[in-house]
Amino acid sequence: MRDIGLLYRKFHSYGLIAAAIIAIALALRVILVLLHWPATNSDEGIMAIIANDIAYHGKSPLMFYGQDYMGVIEAYLGAFFYHLTGGPSITALRLGVILLMGLFFIIMYRLTSLIYNPKLALMTLAFLGVITLSYVGRLVLGTGGSAETLVFGSLSFLVAAYLSYTYKRQVPIKTRLLRLLGYLLFGIIVGLGIWSDMVGLALYAMATLLLLVFCWREIFIWGGWLVGLLGGAIGLLPTIIYSLQIGKSPIDDLLGKAESAPLSATPEQLSLWHKIVETFQVSLPTATASPFCPVIEYPFMGDNTRRSLGCGIIQSSWSIGYVLLIIASITITIIALRYLRKNREGVSEAEQHQKQVTYVTRLCMLGSAILALLIYINSAGPVNQPGYHARYIISLLVATPAILAPLYDAARHLRQELKWARLRFYGSRAILVALAVIFIAGTWIAFTEVPKAQAASARREHLISQLTALHVSYLYTDYWTCYSLVVATMNTSHPITCAVIDDQLSNKHNRIKSFETAVDHSKRPPFMCATDLSLTTKDTYNCLPAATALVKKTNDKIGRYFVRHVLDGYILYRPEPRS
């Protein structure tokens, strides 16, 4: 009884430490969000507009506006926090994302404790707490998909592992029926994950494989497959309803976008070698929170480090280390699994089953990381924006405990009589300490970026005051300016409505058609184009040359019609015909 009490207190203390780590991680996020970090953008603006429609206009959208393959859980959470905090704001929207991240941390602690041990679970929590706040992790932005992928991806593994651990061939009918509810839950989780964002498909595929390995009799004989499909249909219900409404499949839409290369891509950029290089020199380090040589192709989202030999070596070394840890973890797990099968004496059938589930779950988690990378390399993601598109392999974070496991195991035990063992022991500890320092530095970088984010917010407010002074309520502008202005003036006395134009002044990327229609039907809407091209993407939305040419042509033809106004980082061409 005394041993049981000590064991209980030990696990209870682990839980308290885990709660403290999670509380600190969430507190850091809340502080940064209150300090307006990171700077918002129009993708987040769309989510804020959706949340506003839910909270104050009685709408019930099923998918992200203008992006038919992504759900809006963050918008519904944002609407809740709008009411809770007294009104719409980017801060309130981000509180929903922070809530999702808290759920992810809890799930990862439970999952890691289940398939490894509570000590590694605490280490995993500590690393994840800072990894997801590093330079480009930015998992506080309300842009949709990333936080949900982590929550549903890790939860699918937790449910699949639990069902596998508790599987028995001979159980009462009542128990078998109750277990079918587990398959229903698993299906709902996967369905919700796919609805939210399909970048987590590798996680759901490998979690499903785990179930098939250990519970295939229950799945195929007792109808687990049918119950699972029913659960999947329930989770995917928003997608199914939306597909019927628009007459096409959002899944087909996403697959088409993933496979279609950018029109500006060169043959060299479309080669497999280029995709591999960009994945391992940019996307993989970015997704796994390397703070070195950051690459963000959109200047308003962060610094874009010049591609150099030194940065290439640093980022490639990071990726090589990551891949080596995957290989080491797979090798160790396979060796342990083979040893278990060869040495069954003195091991009960139940204990053997538990260990088999543990090892196969680890392999499936590692398999999900490999599968995610293979899918990404074969997509259009790494073609010309490997930094921005690194969010498509955010699911790699779910495999964090399996990646850390080889280092953790080597750092635990020291055999003084073996030189190699001493090298492994001290080397592993040194690497873990170095990683901790690197990730903490990434968090520090986030805090150093606060003034820059606040300056961007102040600059936007100044621009709005200039537009208000000119009585501009409707205008044409670029995508990355448009929806951030809409959100900043939303529910104010002088709201701004805009339609998106590209570098040819054509309608492009208008996610909200009612805004476009309103601007088209307004009285002489002006054109506003960036002079500071760090505020937008110059390859697509540098509309100033085309707008200037149109103004000159019009004014030369009919006299002074467009008047040029110099704003903060922009030129506004407003029709002001003489009476």
Side-chain angles (χ1 to χ4, degrees), residues 108 111-121 123-124 127 153-154 156-167 201-216 219 280 284 288 319-375 377 393 395-415 418 420-421 423-425 427-428 431-432 435:
M108 285 303 296
L111 177 60
T112 309
S113 297
L114 186 66
I115 64 172
Y116 287 100
N117 56 68
K119 289 183 179 179
L120 180 57
M123 179 186 291
T124 300
F127 274 81
S154 57
S156 67
F157 263 105
L158 180 59
V159 173
Y162 178 78
L163 287 171
S164 300
Y165 272 117
T166 56
Y167 173 79
L201 283 174
L203 293 169
Y204 311 131
M206 297 309 293
T208 302
L209 177 62
L210 174 62
L211 280 178
L212 290 172
V213 169
F214 291 102
C215 309
W216 63 269
I219 291 172
F280 286 95
L284 177 56
T288 52
S319 294
I320 290 171
Y322 188 88
V323 172
L324 288 176
L325 286 175
I326 289 179
I327 294 172
S329 191
I330 290 175
T331 303
I332 292 169
T333 307
I334 291 176
I335 291 173
L337 192 58
R338 293 182 65 182
Y339 179 83
L340 176 66
R341 290 181 176 177
K342 290 181 178 180
N343 298 271
R344 299 186 179 185
E345 294 182 7
V347 180
S348 67
E349 185 177 342
E351 186 179 355
Q352 185 177 5
H353 173 74
Q354 297 286 314
K355 289 184 176 181
Q356 284 179 338
V357 172
T358 296
Y359 297 144
V360 174
T361 303
R362 295 175 185 178
L363 289 175
C364 286
M365 289 180 68
L366 293 162
S368 72
I370 296 172
L371 182 59
L373 285 171
L374 291 176
I375 293 173
I377 289 171
I393 48 174
S395 58
L396 294 178
L397 294 182
V398 175
T400 298
I403 301 300
L404 293 175
L407 294 173
Y408 170 79
D409 289 336
R412 287 177 64 195
H413 305 292
L414 172 61
R415 296 178 62 184
L418 298 176
W420 165 246
L423 178 63
R424 186 182 64 175
F425 177 79
S428 297
I431 292 172
L432 287 173
L435 286 175

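Heavy atoms only: backbone and side chains are in, while hydrogens, waters and symmetry mates are out. Please read these numbers as outputs of a predicted model, since none were measured by experiment.
- The OG1 atom of Thr361 sits 11.0 Å away from the CG atom of Leu366 when rounded to the nearest 0.5 Å.
- Taking every heavy atom of both residues into account, Ser113 and Pro118 meet most closely at OG-CA, 3.8 Å.
- To the nearest 0.5 Å, atoms OH (Tyr162) and OH (Tyr167) are separated by 15.5 Å.
- A side-chain donor-acceptor contact under 3.5 Å links Tyr165 and Thr358.
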Could you walk me through whether Ile377 and Phe280 pass side-chain contact (heavy atoms from CB on, under 4.5 Å), step by step?
CA-CA 10 Å; Ile377 289 171; Phe280 286 95; 3.9 Å; yes
Please determine whether side-chain contact (heavy atoms from CB on, under 4.5 Å) holds for the pair Leu396 and Tyr322, giving the CA-CA distance in whole Å, both sets of side-chain angles, and the decisive distance to 0.1 Å.
CA-CA 11 Å; Leu396 294 178; Tyr322 188 88; 3.6 Å; yes
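- When all heavy atoms of Ala405 and Tyr116 are compared, the closest pair comes out as CB-CE2, 3.5 Å.
- What you find for Ala202 and Ser368 is that their closest heavy atoms are CB-O, 3.6 Å.
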Is there a side-chain contact (heavy atoms from CB on, under 4.5 Å) between Ile330 and Ile370? Walk through the geometry before answering.
CA-CA 11 Å; Ile330 290 175; Ile370 296 172; 3.7 Å; yes
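- Judged purely by atom type and a 3.5 angstrom limit, His353 uses its side chain to pair as donor or acceptor with the backbone of Ser164.
- Note: Leu111 CG to Thr124 OG1 = 9.5 Å, rounded to the nearest 0.5 Å.
- Between the CD atom of Gln356 and the CD atom of Glu349 there is a distance of 9.5 Å, given to the nearest 0.5 Å.
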Checking Ile403 against Thr288 for the side-chain contact (heavy atoms from CB on, under 4.5 Å) test, could you report, in this order, the C-alpha distance in whole Å, the side-chain angles of both residues, the deciding distance, and whether it holds?
CA-CA 11 Å; Ile403 301 300; Thr288 52; over 6 Å; no
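- The two residues Met365 and Ile115 have their closest heavy-atom pair at SD-CD1, 3.2 Å.
- The side-chain heavy atoms of Thr400 and Thr112, taken from C-beta on, include no pair separated by under 4.5 Å.
- Although no hydrogens or angles enter the test, the distance criterion places no donor-acceptor pair under 3.5 Å between the side chain of Ser329 and the main chain of Leu325.
- Here the shortest heavy-atom pairing between Pro406 and Ile332 reads CB-CD1, 4.1 Å.
- Separating the CG atom in Leu163 from the CG atom in Leu158 is a distance of 9.5 Å, to the nearest 0.5 Å.
- Within the structure, salt bridge (charged side-chain N to carboxylate O under 4.0 Å, His left out) contacts touching residues 330-339 (residues at least two apart or in different chains) do not occur.
- With values rounded to the nearest 0.5 angstrom, Asn343 atom CG is found 10.0 Å from Gln352 atom CD.
- The nearest pair of heavy atoms linking Leu397 to Met108 is O-CE, 4.4 Å.
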